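Notes for the one structure printed next.
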Amino acid sequence: MVGMPSLGDARIAAVEYRALGPVRRLVAPEFLYELADRAAPRLLGWHLESRVDGMLSKLALTEVEAYRFDDPASHSFGGPRGRNVVMFDRPGLLYVYRSYGLHWCANVVCGKVGEGSAILLRAGTVIAGEETMISRRGRSANLTTGPGNLCQALGLTGLHNKIDLFDPRSPVRLLPGKPPSSIRITPRIGISKAIDKPWRFLAVEPG
DNA sequence: TGCTTGATTAACT
DNA sequence: GTTAATCAAGCAC
């Protein structure tokens, strides 16, 4: 336990508005308009729901990492180009990229438009669709721990890059959940630059 | 066009 | 602990 940021209340800040058409949609909660290191701990406990391939699978986020535009470890460092352009788009979009040529990794874009900030989703606890996840993973161990495993369990691939996680019509959505009792903060995993930044956040439950 | 690196994982010893 | 799997992005030439 390194520390525990003040999370404030658990108010769900999703703001509803009417689009020009008949479809009502949600925009990202207010905290996602902050830079990743501030927004990331607030994302713990939120539910990530996938209806990819018509099968429901859902988890509660328990581990995330923050990546910022001014952070040499971030894909957005150096400005928008190539695969990272979605990081500079509006908060609440999903950024999915291929890691090590093998795995898919999912991020939630945060910060203001053009800021290039995102939150890497590293782990969660299963809420629904465990059988679906086991089927996709081909095993029951480490179902949703590790960013690659998490994506595989939910069926997320590059096809889902730039999906709006707050559009009710999206196959992948973020839904409010229960904030953790406390949060453990550590340096990030698997990076070689800016390794001192304490931008990895883990949900800690008593017991 | 070709080489190097990498926000990883799992199966090894 | 060590290593293989495997490929897109980024960069040098």
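None of the values given here were measured: they were computed from a predicted structure. All chains are named by letter (A, B, ...) in the order of the sequence lines, taking the proteins before the strands, and each is independently numbered beginning at 1.
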**Request:** Kindly state whether the ring of Tyr67(A) and the ring of His75(A) have centres lying under 6.0 angstrom apart.
**Result:**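 Not under 6.0 Å, so no.
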**Message:** Please tell me whether Tyr97(A) and Tyr95(A) form a close aromatic pair, meaning their ring centres lie under 6.0 Å apart.
**Reply:**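 When the ring centroids of Tyr97(A) and Tyr95(A) are compared, they turn out to be within the sub-6.0 Å range.
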**Prompt:** In the structure shown, which nucleotide is the Watson-Crick or G-U wobble counterpart of dT6(C), with both distances under 3.5 Å?
**Reply:**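 Paired with no nucleotide.
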**Request:** Please determine, for dA12(C), whether a Watson-Crick or G-U wobble partner exists with both distances under 3.5 Å, and give it or none.
**Result:**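 Base-paired to dT1(B).
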**Request:** Determine, stepwise, if the pair Asp164(A) / Arg90(A) fulfils salt bridge (Lys or Arg N to Asp or Glu O under 4.0 Å).
**Result:** CA-CA 9 Å; Asp164(A) 187 335; Arg90(A) 67 182 186 277; 3.0 Å; yes
**Message:** Using salt bridge (Lys or Arg N to Asp or Glu O under 4.0 Å), reason through Asp71(A) and Lys197(A) one step at a time and then give a plain yes or no.
**Reply:** CA-CA 9 Å; Asp71(A) 162 16; Lys197(A) 291 279 194 298; over 6 Å; no
**Asked** Do the side chain of Ser117(A) and the main chain of Leu35(A) share a donor and acceptor less than 3.5 angstrom apart?
**Response**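 Between the backbone of Leu35(A) and the side chain of Ser117(A) there is no qualifying donor-acceptor contact (under 3.5 Å).
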**Request:** Treat primed atoms plus P, OP1 and OP2 as sugar-phosphate and everything else as base, then score nucleotides 2-13 of chain B 5' to 3': B for base contact with protein heavy atoms under 4.0 Å, S for sugar-phosphate contact only, - for none.
**Result:** ----BBBSSS--
